[in-house]
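Report on the following structure.
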Amino acid sequence: MILAQTVAAAGPALDAAPALAAAGDVSVGEQVVFWILAPVALGGAIGMVAARNAVHSALFLVTTMFALAVFYVLQAGPFIGMVQIIVYTGAIMMLFLFVLMLVGREASDSLIETLRGQRMAAIGLGIGFALLVASALTRGLGAVSAQGLEEANRGGNVEGIAAVLFTRYIFAFEVTSALLITAAVGAMVLAHVERPKGMKVSQKERSRARFAEGSYPGMKAGPGVFATSDSVATPALLPDGGESDRSISRVVPARGLTSAEAAPKHTER
Amino acid sequence: MIDVWWLLILKVVGIFAFLVLVTLFTIWFERRVVGRMQHRPGPNRVGPFGLLQSLADGLKLAFKEDILPRGVDRWVFVLAPVISTTAAFTGFAVIPFGPEVSIFGEQTSLQLAEVPVGVLVVLAASAMGVYGVVLAGWSSGSTYPLLGGMRSAAQMISYEIGMGLSIVAVFMAASTLSTREIVAAQADGTPYQLLGMDVQLPSWYVLLLFPSFLIFMISIVGETNRAPFDLAEAESELVGGFHTEYSSLKFALFFLAEYVAMVVMSGLAVTMFLGGWHAPWPLSLWGEANTGWWPFLWFTLKVMGFLFMFVWLRGTLPRLRYDQFMHLGWKVLVPASLVWIIAISGIRSAARDEGDRALWLTVLGLVFIAALLGYLWPRRRPVPPATADSGAGGFPVPPLDLVVPPNPRAKRLAATRAGTGPASGSGEGADDEKEV
């Protein structure tokens, strides 16, 4: 609901000219949302690095991405915000999770330092870099007021993006899509295994074989049914008291059990 | 136009209440309808016609013991049902229930939030809802839930693509992504010139864009994890799938999320293909059918119709096998959507009066596609039958009747053994040993 309310608060967008966030001035609602979500985004980013478990890391990253998406919506880019959620958090991070689940639950990072003092140095450098970038951005952009947002969003945000994407940047757009498709097709070619025909039995063939003449289509009785023992080597008893060979796994005789071993075992009374 | 704060809160509470009530009703409805389809009465004890059965079940569920199995990842285990439910509820915020009405003297439209990218909000919410299912499967720490979670991850990604592509045609026809404007675009039929005659095209996109509607319907069944696509819970294969380890209120949340997601997806389908809250044809002749609170009734009835279809599918079709399900998604729905989108854009640009250029380009494009297809169409080559050399069960093992060729150095070796050969160093001797 938070998202929807944010959207409602940020985007009047009812009339033809959706002035989502007027350039330059920052509304109270925008500030409130920013100060709520900025710590969330930052916490997610730190948590992603700090978490020992890979799935927890992925979840923290999802949190950060989600917060960023809300920021995009807040900054008069509803389309890019929604696409961020659908494509990045919805599809790409889901693929990450899929792979992580294949890896298994117990896989955690080991915390042994291979280089002495590496962790402290990394933390120090990271903080230093963050300070550097933050101060540079503040100095460079702090006094600049946004220009041209109204004009870019004049015909609507989606229409504006579509117009730019399919006219001015059409070549870059198509080249990127060709690149992605090539990667996907390449992965499929690498993973593809050609199987000779006849090696895979189709469902239809299985079904035909099951109901073919001379084959009993019903369930096999489990070993030990109606018998006095529940050993896998004990054949089930037929209604006439005889033993049903079909109830024993074909592996059992092949393992060379003696007749004494395979004979019905009576439970102790 | 932003509503006053109390109106926003009222709408939020109203949507919540609507979804919960419809969920309670749908559970009863589903059990009754499936019961009728299977020649049995269904729940009929609690309340009139058993209407209060789902309420009683919900209460019972809330008082069950809440079990936290030992191997679970606690945080994620608790978080998963919450994510599922929240995401399911969020999608309904952008669905318009009706036109402008007056609530306590305030003129407002029956819709919580009007967003220029409304449909994408619903898609985003449903994409987040997948996390609940997947994380539930992962955090349970046992095999069946994990399998269910993985199935769900693959399933949702696949069917989201088909769904996203199927609604592109609606976007193109309405030239907007906003739910309210899509509904408005279906208010009246579009006049269209066909062979010199004025033809009034039907206004609802279900008639205008029927292939899109079909693909969308199949996709939302896959997206909401409902039979015959409920592979993530598949009780005959995976016990309960992702929610095997869940009990009490956490399980109830998953249950709620599934039904709310059904209602939200039905609402989206109504909005995009069935004219939203507009009255259906014979009723629309009545002048006041599309004013005031009446549209809320039409909308609810249409949603009920979709819910009935969900139930009908569940009562009729057996569950698909996983590979067949993926085959349907990737090799049928996605290509069909793409071809349909191309066809729609071709028709639209040909219909636009720009002289013959668009028409010729369309024809040229079709010829080009046909030529490309003819060139790239896979030919059926006779595949040699599997021989002994192709291994056993797919494993590259030598055939049983393998004839070992004679060692070319056999003569020399024999000579060495006999001691008549050249004096052999220790290294060479070791070499020979290995080769014998």
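Every chain is numbered from 1, with letters handed out A, B, ... down the list of sequences.
B:M150 approaches A:F98 most closely through the heavy-atom pair O-CE1, 3.3 Å. The minimum heavy-atom distance between A:G90 and B:A127, with the atom names listed, is CA-CB, 3.9 Å. Pairing each heavy atom of B:A124 with each of A:I85, the nearest pair is CB-CG2, 3.5 Å. Closest non-hydrogen pair, B:M128 versus A:T89, comes out as SD-OG1, 4.0 Å. B:Y131 and A:L97 make their closest contact through CE2-CD1, 3.5 Å (heavy atoms, listed as atom of the first residue, atom of the second, distance).
One distance of note links CZ of B:R321 with CD of A:Q203; it measures 4.0 Å at 0.5 Å rounding.
Heavy atoms of B:I157 lying under 4.5 Å from chain A belong exclusively to its side chain. If you measure heavy-atom distances from A:L95 to chain B, the contacts under 4.5 Å come from both the backbone and the side chain. Proximity to chain A is limited to the backbone of B:S175, based on heavy atoms less than 4.5 angstrom apart. Within the 4.5 angstrom heavy-atom criterion, no atom of B:I161 approaches chain A. Contact annotation for A:Q84: neither backbone nor side-chain heavy atoms come within less than 4.5 Å of a heavy atom of chain B. B:V134 touches chain A through backbone and side chain together, each having a heavy atom under 4.5 Å away. Residue A:V87: no heavy atom, backbone or side chain, is found under 4.5 Å from chain B.
Crowding of A:Y88 atom OH: a count of heavy atoms from other residues, nucleotides or ligands under 6.0 Å not exceeding 12. Around the CZ atom of A:F96, the shell of radius 6.0 Å holds no more than 12 heavy atoms that belong to other residues, nucleotides or ligands. Taking a 6.0 Å sphere around CZ of A:F211, one finds it holds more than 12 heavy atoms contributed by other residues, nucleotides or ligands. Within 6.0 Å of OH in B:Y144 there are 12 or fewer heavy atoms belonging to other residues, nucleotides or ligands.
A heavy-atom distance below 4.5 Å is not found between the side chains of A:M82 and B:L177. Side-chain contact between A:H56 and B:W75: absent, with no pair of heavy atoms (C-beta onward) separated by less than 4.5 Å. With a 4.5 Å cut-off on side-chain heavy atoms, B:L135 and A:L59 count as touching. A 4.5 Å side-chain heavy-atom check between A:V158 and B:F171 finds every atom pair outside the cut-off.
When the ring-ring contact (aromatic ring centres under 6.0 Å, His included) test is applied to A:F173, the partners found at least two apart in sequence or on another chain are A:F166.
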